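Here the structure comes first, spelled out in structure tokens, and everything after it is commentary.
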Amino acid sequence: ISVHSEEWFRKDLISNKKIIFLLLYYFIFYLYLAPNLSYKLLCMFMEETVAYQYAQLSSDFICMWPIIYLALPLLKYSWDGYLEDPSRVMNSGIKLYIPMILGNALVQGVLQTLTGLTNGANQDIANKLFEMNPLSIAVPAIMIAPIIEEIIFRGLIFRSCRSFGFWGAGLISGCTFGLIHCVGDILSGNWLAASFIIMYACMGLFMGKAYENGI
């Protein structure tokens, strides 16, 4: 029996209580409380500038495990689908990769022209950390964040909203994905920089399509 099904998003893999817990844990604790707590604890043992460099890395590494553990049924389901037809899954992702890169480059270029900015605050912080200590941002950005973000935004939000149709689920998950990358600009009232939410939302929409094609 094929793992792939037109009703794949209706398969009960994680209870609603766990979904709610994971979303609250991610958006409140994982993204904001844990890095700040990590920074304060590290400041007790090292200089503030060094603590700042490693706060995100340490909090991400420690706090990712509850998400992975609770999402194991979801990860197993996706892994079983991949093993069933690896070439189909890989090809579906590759076919969307180039359009996503070109589309994001186009949107970013338009936003840069209209706003006069090169990036939002989120990317500026990442660039600053990379200049200070490449390892401190490279590990979370390349190894940790992609796994956790796929679980939260595609595995939970996109899947849970898929009954609204692809565009409904794609826009909800994509805009939420964009929001977390621009929330600092929004809270500070920097609306020009906050417009980069469009770029991240488009990226989230493409990744939602890649996730669905790979199921």
Side-chain angles (χ1 to χ4, degrees), residues 1-35 38 56-100 138-181 200-201 203-215:
I1 300 175
S2 174
V3 172
H4 178 70
S5 167
E6 293 298 325
E7 297 294 309
W8 58 270
F9 54 89
R10 299 189 187 279
K11 189 174 180 63
D12 187 17
L13 298 174
I14 304 178
S15 69
N16 289 332
K17 289 183 179 179
K18 287 184 178 181
I19 290 176
I20 293 173
F21 172 80
L22 282 168
L23 292 177
L24 291 175
Y25 175 84
Y26 176 77
F27 286 106
I28 297 176
F29 185 75
Y30 181 92
L31 286 181
Y32 299 105
L33 296 182
S38 175
Q56 190 70 55
L57 172 60
S58 58
S59 68
D60 278 11
F61 180 77
I62 294 172
C63 297
M64 71 176 183
W65 299 109
I67 296 177
I68 293 175
Y69 175 73
L70 292 176
L72 277 177
L74 182 66
L75 295 173
K76 184 179 183 302
Y77 180 77
S78 297
W79 181 246
D80 289 342
Y82 170 77
L83 292 180
E84 185 182 72
D85 192 350
S87 60
R88 178 186 65 82
V89 176
M90 294 295 292
N91 288 335
S92 66
I94 293 172
K95 288 178 181 178
L96 284 168
Y97 181 76
I98 294 178
M100 182 181 77
V139 173
I142 297 174
M143 300 179 63
I144 300 177
I147 297 173
I148 302 305
E149 289 179 357
E150 284 305 306
I151 291 174
I152 298 297
F153 293 99
R154 263 62 69 182
L156 297 184
I157 298 177
F158 181 83
R159 175 183 285 271
S160 297
C161 296
R162 186 56 181 79
S163 57
F164 300 138
F166 170 77
W167 285 104
L171 288 174
I172 292 172
S173 62
C175 288
T176 308
F177 181 75
L179 179 63
I180 68 159
H181 288 88
Y200 290 109
M203 184 185 301
L205 186 63
F206 270 103
M207 288 190 287
K209 183 60 176 176
Y211 177 78
E212 176 161 307
N213 287 353
I215 293 295

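Treat the numbers as computed from the prediction; the structure is a model and nothing was measured.
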**OP:** Under the side-chain contact (heavy atoms from CB on, under 4.5 Å) rule, what do Met100 and Met207 come out as? Steps first, then yes or no, please.
**Re:** CA-CA 8 Å; Met100 182 181 77; Met207 288 190 287; 4.0 Å; yes
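- Judged by distance alone, with hydrogens and angles left aside, the side-chain atoms of Arg162 form no donor-acceptor pair with the main-chain N or O of Gly170 at under 3.5 Å.
- Applying the ring-ring contact (aromatic ring centres under 6.0 Å, His included) test to Phe29 and every residue at least two apart in sequence or in another chain returns Tyr25.
- Residues satisfying the ring-ring contact (aromatic ring centres under 6.0 Å, His included) test with Phe61, not counting sequence neighbours, are Trp65.
- A search for salt bridge (Lys or Arg N to Asp or Glu O under 4.0 Å) contacts involving Arg159 returns nothing, not counting sequence neighbours.
- Put simply, the residue from Phe177, Phe166, Tyr200 that forms a side-chain contact (heavy atoms from CB on, under 4.5 Å) with Leu205 is Phe166.
- Within the model, atoms OG1 of Thr176 and CD1 of Ile180 stand 9.0 Å from one another, a figure rounded to the nearest 0.5 Å.
- Lys11 pairs by the side-chain contact (heavy atoms from CB on, under 4.5 Å) definition with Leu13, Tyr77, not counting sequence neighbours.
- With a 6.0 Å radius and a threshold of 12 heavy atoms from other residues, nucleotides or ligands, Ile98 has its CD1 atom at or below the threshold.
- Look at Arg154 and Glu212 and you find no salt bridge, because none of the NZ, NE, NH1 or NH2 atoms lies under 4.0 Å from a carboxylate O.
- The two residues Gly81 and Arg88 have their closest heavy-atom pair at O-NH2, 4.3 Å.
- Considering CG of Leu57 and CD1 of Ile62, their distance stands at 9.5 Å, rounded to 0.5 Å.
- Side chains of Asp85 and Ser87: a donor-acceptor N/O pair is present below 3.5 angstrom, by distance only.
- Considering every non-hydrogen atom in both Ile14 and Ala71, the closest pair reads CD1-CA, 3.9 Å.
- Taking a 6.0 Å sphere around OH of Tyr32, one finds it holds more than 12 heavy atoms contributed by other residues, nucleotides or ligands.
- Side-chain atoms of Ser92 come within 3.5 Å of backbone N or O of Val89 as a donor-acceptor pair.
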**OP:** Give the C-alpha distance, both sets of side-chain angles, the deciding distance and a yes or no for side-chain contact (heavy atoms from CB on, under 4.5 Å) between Leu96 and Lys209.
**Re:** CA-CA 8 Å; Leu96 284 168; Lys209 183 60 176 176; 3.7 Å; yes
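- Looking at every heavy atom in both residues, Gly155 comes nearest to Leu74 through CA-CD2, 3.4 Å.
- Ile67 contributes atom CD1, which lies 4.5 Å from atom CD1 of Ile152 (distance to the nearest 0.5 angstrom).
- Partners of Tyr26 under the ring-ring contact (aromatic ring centres under 6.0 Å, His included) rule, at least two apart in sequence or in another chain, are Tyr30, Phe153.
- We find the CE-CD1 distance between Met64 and Ile151 to be 9.5 Å, quoted to the nearest 0.5 Å.
- Nearest heavy-atom pair across Asp60 and Pro140 is OD2-CB, 3.5 Å.
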**OP:** List the steps and the verdict of side-chain contact (heavy atoms from CB on, under 4.5 Å) for Ile68 and Ile148.
**Re:** CA-CA 8 Å; Ile68 293 175; Ile148 302 305; 4.1 Å; yes
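- Checked against side-chain contact (heavy atoms from CB on, under 4.5 Å), Ser59 has the following partners two or more places apart in sequence or in another chain: Ala34, Pro35, Ser38, Gln56.
- Remark: Phe9 CZ to Phe164 CZ distance equals 11.0 Å, nearest 0.5 Å.
- A heavy-atom distance below 4.5 Å is not found between the side chains of Ile147 and Leu75.
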